[in-house]
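Shown next, in structure tokens, is the structure this report addresses.
Every heavy atom of this structure was used, including side-chain atoms; hydrogens, water molecules and symmetry mates were not. Keep in mind it's a predicted model, so treat the numbers as computed, not measured. The sequence lines fix the lettering, A, B, ..., with proteins before strands; numbering per chain opens at 1.
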Amino acid sequence: MNALSSLGSVARLLRQRLERREGKQRVRADNTVVVPTSRLRLVDLVTEAVAGILQRTGRTALTIVGIVLGVAAFVAVLGVTATATGQISRRFTELYATEVTVTDVTLTDTYATATAFPADADQRVMVINGVRHAGVYWTIPAEQIGSVTGVPLPGVAANTTIPVIAASAGLFDAVRGHLAAGRIFDAALDQRGERVAVLGGAIAHHLGITSPDGLPAIFVGGVPFTVIGIVDTVQRRPELLAAVWIPRHTAEVLWPGPPEPGQPPQMVIDTNLGAAAVVARQVALALRPDAPNSFNAAAPPDPQTLRDQVSTDLSGLFLVLAGVCLVIGAVGIANTTLVAVLERVPEIGLRRALGAQRRHIAGQFLLESTTLGAVGGLNGAGIGVATIVAVAFVREWTPVMTPWTVLCAPAVGAITGLLAGIYPSLRAARIEPVDALRQ
Amino acid sequence: MAVTGRSGSGKSTLFNILGLIDRPTEGMYRLDGIDTTTMTDSQRTGLRASRIGLVFQAFHLLAFRTAEDNVMLGLLYQGVPTAQRRAAAREALDQVGLGHRRDSSAATLSGGERQRVAIARALVSKPSLLLCDEPTGNLDSTTAGQILDIIDDLHRQGLTIVMITHDPTVAARAQRTIRISDGFVEVGTSSRGSA
């Protein structure tokens with residue numbers, strides 16, 4: 001008799017005893033027996049998964065490292081980028097966001113004067129809301145002037161390379177200049193066409209003038225000018241430091257010809273923060289209601305756009321790196337989970353023998369890897385934030401980070417762990433108890 | 001009842017089929033009047049969880065968990081609340097005389113103690129059938145005797161026990177012995193009363 005076909009008789013013998021134990025057997029109305037299905041409560045699934053993680057703390061820690069590094073890189077990259085762009089945009093704001101440049105685009109020979117800017121251009125622009133300072137300047141061509149000399153000394157040739165600019169009284173404030181000594185010419189001196197000059201610091205040294213005390217004179221094209229001040233710094237138009245400034249009305253009387261070709265007259269406007277774009281739209285009409293097309297007003301790029309541009313450029317690159325870190329972390333988790341599955345084959349067999357369904361096994365391993373991912377993400381977020389703060393501290397920056405980056409980090413880790421756990425879990429679920437329990 | 005036979009004779013195959021771990025290629029196996037051969041994997045798993053207690057030669061305990069945790073595993077997949085499982089596990093451990101070691105890690109237990117934990121784990125779900133595969137195979141004769149005493153005791157309390165063994169002295173303690181040789185049931189003997 002075949003052992004397998006003898007099962008019937010063996011079972012019959014057993015049944016005689018078994019049927020006495022009626023406690024569990026339930027029979028439906030149609031006389032078919034209801035087979036109890038095994039089930040696993042969610043809280044028990046969680047407990048088993050946590051126990052699985054905690055039973056090998058050393059390996060668990062190593063498994064998590066990949067995700068920790070990946071998420072830390074993710075958070076740090078986003079945070080450092082945000083911090084750096086914060087600094088960049090702050091600088092841009094300071095220098096450029098408050099500057100409007102108005103350029104004279106007329107052909108200068110159509111006017112009697114050197115420029116289309118009216119004589120009271122500064123005052124006309126100052127009435128626009130948001131304007132703090134405004135000033136006009138242009139370069140007078142060297143061939144009109146001739147030479148510029150300091151106090152004539154025997155044997156010293158006249159210097160013809162020193163640029164001379166015609167400036168309105170407001171220019172000094174509009175370029176945020178700073179005086180080393182003396183004073184700047186005001187609107188009154190300008191209007192009267194006084195022959196006074198202000199020297200850029202570099203030029204003063206060149207002309208042998210160290211101080212405006214005692215009102216030294218220089219000769220511009222043979223005309224004596226009294227030096228009343230020396231400018232040592234400007235925040236805008238640094239080329240003005242290498243020039244002689246004379247009042248624009250004085251220049252218009254003495255040298256009424258067109259300005260240097262290729263360097264049209266310009267107005268520099270210093271505005272309040274955020275006002276530049278609005279000022280730029282109004283300024284041409286304010287200057288010349290009769291001929292607003294004479295000017296081209298350029299506002300700085302919107303600081304928000306600028307910052308977005310910068311951050312997109314930078315973070316795009318680094319996000320790819322962080323993504324690579326995460327993938328490596330995921331592969332690490334997948335690998336160790338798979339090893340754990342193979343190592344725990346007897347345990348899986350036992351659980352199946354004790355009534356675990358395939359999905360219970362898959363669920364346990366999936367939950368283990370997801371939990372590892374979430375814990376890794378949490379630690380990574382902490383390390384990432386610490387990195388951002390450390391970098392900001394060293395560079396003396398203000399740390400900037402968006403809350404969602406930090407809050408999402410554990411979720412990113414958990415999802416990575418979940419994805420990494422899919423294949424090992426399916427492998428675990430496919431294990432047959434009969435193979436698993438075999439010695 | 002004891003099932004004996006030399007290695008390779010089909011004892012383990014019978015164990016796997018009786019334990020619903022494997023399904024027969026032909027024939028029919030009815031447990032508690034239920035035909036198991038046409039069941040799905042999921043149904044057989046459910047039946048196994050509720051009706052059969054399995055004891056293995058290699059114990060198959062989770063080494064990093066306590067004795068009580070290991071016994072509680074026996075009820076894990078039946079959706080029993082934790083407090084109830086803990087109570088049942090303590091009762092089962094007391095039944096095999098290991099109540100005092102319930103908080104010890106499985107790794108620190110001796111071979112005999114491990115097998116007693118394994119028996120407690122099989123008992124905790126109140127099975128219809130206790131199926132043992134060489135339960136004393138990894139134990140010395142003194143410890144083996146203690147384990148067999150426990151099994152005898154359970155049998156006296158009315159539990160149906162099928163024990164696979166190749167050891168004639170172990171088989172001799174059974175009420176009924178089936179001998180398997182090359183896949184065939186060879187001898188069926190009765191001793192010490194009726195089966």
Side-chain angles (χ1 to χ4, degrees), chain A residues 1-25 27 32-41 43-45 47-48 51-52 54-57 344 346-347 349-360 432-439, chain B residues 1 9-10 12-14 16-19 21-22 24-34 39 41-51 54 56-58 60-65 69 73-74 76-82 121 125-126 128-129 158 160 162 176 178 180 183-185 195:
Chain A
M1 191 179 16
N2 190 293
L4 299 179
S5 59
S6 74
L7 284 172
S9 61
V10 173
R12 224 175 296 123
L13 290 168
L14 290 171
R15 205 177 67 212
Q16 292 167 1
R17 291 191 70 105
L18 296 176
E19 282 179 349
R20 275 183 247 141
R21 302 165 56 84
E22 290 169 351
K24 286 181 180 173
Q25 188 151 327
V27 180
T32 57
V33 177
V34 180
V35 178
T37 47
S38 57
R39 56 212 163 84
L40 182 61
R41 295 187 315 149
V43 57
D44 290 331
L45 175 66
T47 311
E48 288 303 307
L54 293 182
Q55 71 184 20
R56 305 238 166 115
T57 42
R344 286 159 69 180
E347 179 192 327
L350 173 75
R351 287 178 184 277
R352 295 276 285 131
L354 291 178
Q357 304 281 5
R358 291 183 192 279
R359 59 193 151 83
H360 296 154
E432 293 291 342
V434 65
D435 300 324
L437 292 169
R438 189 173 290 151
Q439 284 304 291
Chain B
M1 183 170 79
S9 61
S12 290
T13 308
L14 186 61
N16 288 339
I17 290 169
L18 292 179
I21 298 172
D22 207 351
T25 41
E26 54 179 277
M28 187 161 76
Y29 171 30
R30 285 158 65 99
L31 177 68
D32 283 6
I34 307 164
M39 282 183 167
D41 182 74
S42 165
Q43 285 174 318
R44 285 189 296 134
T45 303
L47 194 61
R48 179 165 69 229
S50 60
R51 303 286 171 90
L54 295 168
F56 308 94
Q57 179 178 3
H60 288 305
L61 300 183
L62 301 187
F64 299 93
R65 313 281 283 270
D69 278 351
L73 273 184
L76 179 66
Y77 297 99
Q78 294 177 47
V80 180
T82 315
R121 182 181 61 199
S125 61
K126 304 260 187 266
S128 310
L129 167 65
T160 303
V162 172
R176 204 181 129 83
I178 288 179
I180 292 183
F184 290 91
V185 173

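Across every non-hydrogen atom of Phe56(B) and Leu350(A), the tightest pair is CE1-CD1, 3.9 Å. Of all non-hydrogen atoms in Arg352(A) and Pro433(A), the two that sit nearest each other are CB-CB, 3.8 Å.
Neither the backbone nor the side chain of Arg344(A) comes within contact range of chain B, judged by heavy atoms closer than 4.5 Å. Within the 4.5 angstrom heavy-atom criterion, only side-chain atoms of Leu62(B), from C-beta onward, approach chain A. Heavy-atom distances place both the backbone and the side chain of Leu73(B) under 4.5 Å from chain A.
In this structure, Tyr29(B) contributes its side chain and Leu18(B) its backbone to a donor-acceptor pair below 3.5 Å. The backbone N or O of Leu54(A) lies less than 3.5 Å from no partner atom in the side chain of Thr57(A), so there is not a single donor-acceptor pair. Under a 3.5 Å cut-off, the side chain of Gln78(B) and the backbone N or O of Ala49(B) do form a donor-acceptor pair.
Looking only at side-chain heavy atoms (C-beta outward), Thr82(B) and Arg41(A) come within less than 4.5 Å of each other.
Contact tally against chain A (heavy-atom pairs below 4.5 Å) for Asn16(B), Val80(B), Asp41(B), Leu61(B): the top residue is Asp41(B). For chain B, the option among Arg351(A), His360(A), Glu432(A) with the highest count of heavy-atom pairs below 4.5 Å is Arg351(A). Contact count versus chain B (heavy atoms, under 4.5 Å) is highest, among Ala353(A), Gly349(A), Pro346(A), Ala51(A), for Ala353(A). With chain A as partner, the option from Asp69(B), Ile21(B), Asp22(B) having the largest number of non-hydrogen pairs under 4.5 angstrom is Ile21(B).
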